[in-house]
Amino acid sequence: MAGITLSHISKTYRNGFQAVQDFNLEIGDHEFIVFVGPSGCGKSTMLRMIAGLEDISEGELWIGNRLMNSVDPGKRNLAMVFQNYALYPNMTVYQNLAFGLKAHKVEKTEMDRRIRKASSMLEIGNLWNRKPAQLSGGQMQRVAIGSAIVRDAEAYLFDEPLSNLDAKLRTQMRVDLKKIYDKLGSTVIYVTHDQVEAMTLATRIVVMRDGMVQQVGTPRQVYEKPVNRFVAGFVGLPQMNFLSAVLEMEAGTAFLNAGDFRIRLPLRFQRSLSEGLTEGTKVEIGIRPEDLMTEGDPWYEIPFTIEMTENLGSHYYLHGLAGRQSLTAKVGTYNPIYGKKSMRIFIDPEKMHLFDKETGESVEEVLLR
C-alpha cells in the first residue's frame with residue numbers, strides 16, 4: 001500500500017474545544033502504529049478523522065499521493081474495527097463477514113475466497129452458522145476483525161478493540177493480533193489507553209496528551225528515552241518513580257539533594273551544568289522500579305523504608321518511602337526481605353532520568369537539541 005501522511009492536523013468542535021492540535025506523522029507501509037494515552041487525549045478522534053468519520057478542521061490527510069480530506073469514508077479503502085464489535089445480531093457469522101463485501105459488489109467466488117482465508121486466519125470457520133448472541137466476547141471480537149480483514153484494505157484501523165474483554169482474553173487476543181498483523185502484511189493503526197497493548201503490539205508508538213503528540217518512537221525508545229515526565233510516568237508498570245531534588249555543588253562536584261538523602265549527579269549529565277542546569281535548579285529524579293538495586297555504588301544509595309510487599313512469584317514489588325517520598329522497587333525473590341522494615345537500595349546511575357521540575361522536560365532531551 002501507499003504511505004499515510006498526517007500533516008498539521010487539528011480538530012476543533014463548534015463549542016471551541018480543540019480535541020487534536022497540530023498532529024504530524026508519516027506512516028510507512030506495513031507499520032503497526034499505536035496511538036496511546038489517557039481517556040480524552042484525542043487518540044480516537046484522530047483515528048476517526050483518518051477513517052473519515054470526523055471532519056478535519058485544519059491540516060491534510062494523504063494516502064499515497066491522494067489528498068483524502070473530502071473523500072467519503074466508504075471510498076478511502078480503509079477498514080475499521082470498533083470497540084463494540086458492530087455485528088448485525090440477526091445475521092450469521094458468515095453473513096456478517098459477507099455484508100461489507102456485498103455492499104462493495106465483490107463477486108461471489110472472490111467473496112467466498114476472502115471469507116475462507118480470514119476465517120482460517122482467525123480460526124472462526126466453525127462459527128459460520130452461529131449468530132452473535134451465540135458467541136463469546138472473544139469470538140465476537142474475532143468475527144469483527146474478520147469483517148475488516150475481508151475488505152483487503154489499504155490499512156486497518158482498530159479503536160480499542162480489546163477493552164471489553166477480560167484480562168485473560170485480552171492477553172490471548174494481543175498474541176493473536178500480532179500473528180494476524182504478520183500474516184496480513186498491511187498497515188495497522190491502533191488506538192488504546194492500555195500501555196501494555198501499545199508496548200507489545202506496536203512497531204512505533206504515538207503517545208498523546210490533551211490532543212497533542214508527546215513522543216513518537218519504537219516501544220524501546222519511548223520506554224528507555226522518554227522525552228518528558230508525562231511519557232515516563234505513563235509508559236511502564238508499575239510506573240516510574242519520581243523523587244524531587246535540588247541541584248547543589250560541593251567542592252566542584254554536583255549533587256542532587258532530595259532532603260533526606262543526597263546522590264551524586266551521574267557523569268552523563270555533567271554537560272548540562274554548562275548548558276542551563278545550575279545550582280538551585282529544582283528537578284525530579286526518575287527511576288524505574290527494576291532499575292533499583294540491592295547492591296551498588298555508595299554514591300547512589302538511598303534510605304528505603306518498606307511499607308508493603310507484593311509477591312508476584314518471580315519477583316517482589318516493594319512499596320515504601322525513600323526518606324519521605326514514595327518509592328516502589330522490583331527485586332528478585334532470592335532477596336530475603338520478609339520481616340524487613342528497611343533495607344539498602346541503590347539507584348542505577350546509567351538508568352536514571354532527570355526531569356526539569358517546572359517544564360517536565362527530560363534534561364537529556366534538552367541537551368540533544
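Because only heavy atoms are used, hydrogens play no part in the values below, and waters and symmetry mates are left out as well, while side chains stay in. Please read all numbers here as calculations on a predicted model, not as lab measurements.
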Do the two ring centres, one from Tyr300 and one from Phe261, sit under 6.0 Å apart?
-> no
Which one of Met140, Arg174, Arg170, Gln172 satisfies the side-chain contact (heavy atoms from CB on, under 4.5 Å) criterion with Leu165?
-> Arg170
Pairwise distance NZ(Lys351) to CE(Met293) - rounded to 0.5 angstrom | 9.0 Å
Contacts of Tyr317 meeting ring pair (Phe, Tyr, Trp, His ring centres under 6.0 Å) (sequence neighbours excluded), chain-then-number -> His315
Side-chain donor/acceptor of Gln95 to backbone N/O of Thr92, under 3.5 Å = yes
Quick one: closest heavy-atom pair of Ala254 and Leu247, and the distance?
-> CB-CD1, 4.1 Å
dist Thr171:OG1 -> Leu162:CG (nearest 0.5 Å) comes out at 9.5 Å
How far does CG of Leu267 sit from CD of Glu350, to the nearest 0.5 angstrom?
-> 8.0 Å
Look at atom CD of Glu107 and say whether more than 12 heavy atoms of other residues, nucleotides or ligands are closer to it than 6.0 Å.
-> yes
For Glu123, does the CD atom have more than 12 heavy-atom neighbours from other residues, nucleotides or ligands under 6.0 Å away?
-> no
For the pair Arg76 (side chain) and Val71 (backbone), establish whether a donor and an acceptor sit closer than 3.5 Å, ignoring hydrogens and angles.
-> yes
Which atom of Met249 lies closest to which atom of Glu279, heavy atoms considered | N-OE2, 3.2 Å
Could you tell me whether Arg229 sits above the aromatic face of Phe242, with NZ or CZ closer than 6.0 angstrom to the six-membered ring centre and within 45 degrees of the axis?
-> yes
Which heavy atom in Lys131 sits nearest to a heavy atom in Met91, and how many Å separate them?
-> CG-O, 3.6 Å
Is it the case that more than 12 heavy atoms not belonging to Lys178 sit under 6.0 Å from its NZ atom?
-> yes
How far does CD of Glu284 sit from CE of Met240, to the nearest 0.5 angstrom?
-> 11.0 Å
Report yes or no: is the cationic atom of Arg288 (NZ for Lys, CZ for Arg) under 6.0 Å from the centre of the six-membered ring of Tyr223, at an angle within 45° of the ring normal?
-> yes
Do other residues, nucleotides or ligands put more than 12 heavy atoms under 6.0 Å from the CG atom of Asp55?
-> no
Residues in salt bridge (Lys or Arg N to Asp or Glu O under 4.0 Å) contact with Arg344, at least two apart in sequence or another chain = Glu301
Can the ring centres of Tyr88 and Phe99 be said to be less than 6.0 Å apart?
-> yes
Lys357 to Phe355 six-membered ring, cation-pi geometry met (6.0 Å, 45°) | no
Can you get from Trp128 to Met121 by hopping between Ile, Leu, Val, Met, Phe, Trp and Tyr side chains that sit under 4.5 Å apart?
-> yes
Report the distance from atom OG1 of Thr5 to atom CE of Met68, rounding to the nearest 0.5 Å.
-> 12.0 Å
Would you give the length of the straight line joining atom OG1 of Thr328 to atom CD of Glu307, rounded to the nearest 0.5 angstrom?
-> 10.0 Å
State whether the side chain of Arg262 and the backbone N or O of Glu248 hold a donor-acceptor pair below 3.5 Å, judged by distance alone.
-> no
Any idea which heavy atoms bring Asn164 and Gln83 closest together, and the distance?
-> ND2-O, 2.9 Å
In short, Leu87 meets Pro132 closest at the heavy-atom pair CB-CG, 4.0 Å
Quick one: closest heavy-atom pair of Cys41 and Met208, and the distance?
-> O-CE, 3.6 Å
Name the orientation class of the two ring planes belonging to Tyr181 and His30 (parallel below 30°, tilted from 30 to 60°, perpendicular beyond 60°).
-> parallel
Counting only N and O atoms by type, is there a donor-acceptor contact under 3.5 Å from the side chain of Arg204 to the main-chain atoms of Thr218?
-> no
